[in-house]
Amino acid sequence: MENHNFDVNKLCLMTGNANIELSQKIADYIGVKLCDAVVGRFNNGETSVMINESIRGKDIFIIQPTSQPVNDNLMDLLVMADACKRASAHSITAVVPYYAYARQDRKTRGREPISAKLVANLMVAAGMTRVITVDLHAAQIQGFFDIPVDHLGAAPVIADYFKQQENYRENLVVISPDLGGVTRARNLADYLKVPIAIIEKRRPRPGEAEVMSIIGDVQGKAALMIDDIVDTAGSLCEGAKALKKLGAKSVFAACTHPVLSKNAVEKINNSEIEKLIITDTIPLPPEKKSDKIVVLSLAEPIADVIIRIQSHRSVSLLFR
């Protein structure tokens with residue numbers, strides 16, 4: 001970690017309740033304490049924020065993914081930003097490892113909202129001066145903001161994990177679970193220096209997927225499916241079944257954001273997937289833990305970005 005020109009006295013790391021463990025890891029890596037702030041609820045359910053130290057003139061970084069409960073965590077982030085703005089903070093950066101509503105980034109039929117844009121507008125209106133996020137569902141969402149957005153990828157961290165797995169790294173092929181995820185798969189494949197294949201599927205209904213065919217060679221290979229979000233895990237498990245039928249020797253999966261709603265973990269445990277590699281953008285509760293699930297931390301890359309922003313140095317160097 002480089003930290004020259006880094007003014008620790010001007011830095012204030014603040015956390016909501018969405019992912020306190022990740023926030024603490026980031027603070028430990030930087031070598032600072034989390035700001036003394038309490039985010040709670042009034043008796044009527046409204047968000048209560050109390051900041052118990054002076055933050056006048058400081059660079060604030062609010063670490064708060066907008067994971068479940070989505071609307072509560074989003075509102076907490078907005079109210080915290082407003083509190084910091086009114087306390088005369090120098091800058092307010094929202095560190096949102098998981099950006100909710102990102103899948104509602106366009107209209108697919110009449111009378112639909114573009115909720116990803118609405119959330120961007122709310123964050124700017126609340127006083128955010130910058131956003132740090134990880135693996136947006138669509139990279140174009142950066143354009144919804146009129147403030148700087150630092151868009152990190154989890155691919156280097158996931159690639160490092162697979163480089164250390166000697167038993168299957170030699171015969172690996174990276175799989176895109178759909179045509180829209182090819183760029184993400186290519187990015188990971190470039191880090192690993194392996195080929196890619198693509199699952200062609202259609203969605204008969206929202207939340208359901210049907211595999212039509214696979215483009216590429218998976219015969220006798222260790223297949224690694226990569227996606228940004230695993231929600232119900234239906235697509236992932238169907239994809240694993242299709243890969244096995246077409247001769248894949250083993251099937252692994254990786255994703256950045258483990259939403260894992262409903263019975264997703266049960267599906268994964270009963271699937272052809274040997275291991276699911278996830279990151280800690282969303283905390284994994286005890287009831288969702290499994291021998292098949294491996295959690296990698298993004299605390300260090302996020303901390304490095306925070307240090308570079310606060311010391312006015314290039315962030316793009318970290319993306320190479």
Option passing side-chain contact (heavy atoms from CB on, under 4.5 Å) with Met128 (candidates Thr93, Leu122, Ile92):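 Of the listed residues Thr93, Leu122, Ile92, the side-chain contact (heavy atoms from CB on, under 4.5 Å) partner of Met128 is Ile92.
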CA sep, side-chain torsions, deciding dist, call: Ile196, Ser176, side chain to side chain contact (heavy atoms under 4.5 Å, CB included): CA-CA 7 Å; Ile196 71 167; Ser176 173; 5.9 Å; no
Salt bridge (Lys or Arg N to Asp or Glu O under 4.0 Å) partners of Lys241, counting only residues at least two apart: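 Glu238.
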Residues which pass salt bridge (Lys or Arg N to Asp or Glu O under 4.0 Å) with Asp190, listed by chain and number, not counting sequence neighbours: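 So Asp190 forms a salt bridge (Lys or Arg N to Asp or Glu O under 4.0 Å) with Arg186.
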Check against side chain to side chain contact (heavy atoms under 4.5 Å, CB included), Thr256 and Ile278: CA-CA 6 Å; Thr256 307; Ile278 63 174; over 6 Å; no
Please report the closest heavy-atom contact between [X] and [Y], naming both atoms and the distance.
X	Y	answer
Leu236	Ala253	CD2-CB, 3.8 Å
Pro113	Gln104	CG-OE1, 3.9 Å
Ala159	Leu192	O-CD2, 3.5 Å

Could you measure the distance from the [atom1] atom of [X] to the [atom2] atom of [Y]? Nearest 0.5 Å is fine.
X	Y	atom1	atom2	result
Asp105	Ile114	CG	CD1	8.0 Å
Thr133	Gln142	OG1	CD	9.0 Å
Met123	Ile62	CE	CD1	9.0 Å
Lys267	Cys237	NZ	SG	7.0 Å
Thr281	Tyr99	OG1	OH	15.0 Å
Cys35	Asn52	SG	CG	8.0 Å

I'd like to check [X] versus [Y] (side-chain heavy atoms, cut-off strictly below 4.5 Å). Are they in contact?
X	Y	value
Ile307	Ile30	yes
Val294	Leu276	no
Leu298	Val157	yes
Lys244	Val251	yes
Thr129	Ile147	no
Lys275	Ile293	no
Val218	Ile175	yes
Tyr29	Asp304	yes

With a 4.5 Å cut-off on side-chain heavy-atom distances among I, L, V, M, F, W and Y, is there a chain of contacts connecting [X] to [Y]?
X	Y	answer
Val95	Val70	no
Leu296	Leu224	yes
Val315	Val149	no
Met14	Val8	no
Leu136	Ile302	no

Keeping to residues at least two apart or across chains, list the salt bridge (charged side-chain N to carboxylate O under 4.0 Å, His left out) pairs with something in [range].
range	value
residues 288-298	none
residues 90-101	none
residues 112-130	Arg109-Glu112, Arg130-Asp150

Taking [Y]'s backbone N and O only, do any of them form a donor-acceptor pair with [X]'s side chain (distance below 3.5 Å, no angle check)?
X	Y	answer
Glu53	Asp36	yes
His257	Val134	yes
Asn270	Glu266	yes
Asp178	Gly181	yes
Asn269	Ser290	no

Test side chain to side chain contact (heavy atoms under 4.5 Å, CB included) applied to Phe162 and Tyr191, step by step: CA-CA 10 Å; Phe162 280 95; Tyr191 278 111; over 6 Å; no
Side chain to side chain contact (heavy atoms under 4.5 Å, CB included) between Val131 and Phe145, intermediate numbers included: CA-CA 9 Å; Val131 173; Phe145 290 88; 3.7 Å; yes
side-chain hydrogen bond (donor to acceptor under 3.5 Å, both in side chains) pairs, two or more places apart, involving residues 214-225: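 Applying side-chain hydrogen bond (donor to acceptor under 3.5 Å, both in side chains) to every pair that reaches into residues 214-225, excluding sequence neighbours, yields nothing.
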Please tell me whether [X] and [Y] have a donor and an acceptor in their side chains that are separated by less than 3.5 angstrom.
X	Y	value
Ser311	Arg313	yes
Gln164	Asp160	no
Thr66	Asn73	no
Ser261	Asp231	yes

Can you name the side-chain contact (heavy atoms from CB on, under 4.5 Å) partners of [X], sequence neighbours left out?
X	value
Asn43	none
Ala125	none
Glu287	Pro285

Crowding at NZ, Lys163 (>12 non-hydrogen neighbours, <6.0 Å):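 It does: Lys163 NZ has more than 12 such atoms within range.
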Enclosure of Lys10 NZ (heavy-atom neighbours >12, cutoff 6.0 Å):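 Yes, because the 6.0 Å sphere around NZ of Lys10 holds more than 12 heavy atoms from other groups.
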Quiz: residues 75-83 side-chain donor-acceptor pairs under 3.5 angstrom, not counting sequence neighbours:
from  : atom 1 : to    : atom 2 : distance (Å)
Asp76 : OD1    : Arg41 : NH1    : 2.9
Asp76 : OD1    : Arg41 : NH2    : 3.3
Asp76 : OD1    : Thr47 : OG1    : 2.8
Asp76 : OD2    : Arg41 : NH2    : 3.4
Asp82 : OD1    : Arg86 : NE     : 3.1
Asp82 : OD1    : Arg86 : NH2    : 3.3
Asp82 : OD2    : Arg86 : NE     : 2.7

Hydrophobic cluster of Val259, others only, ordered by chain and residue number, side-chain cut-off 4.5 Å: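 Once heavy-atom contacts under 4.5 Å are chained together, Val259 belongs with Tyr98, Ile229, Ile282.
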Other ILVMFWY residues reachable from Ile20 by side-chain steps of under 4.5 Å: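 Reading the cluster by chain and number, Ile20 sits alone, since nothing else belongs.
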Side-chain ion pair, Asp135 and Arg184, N-O less than 4.0 Å: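 Arg184 and Asp135: not salt-bridged.
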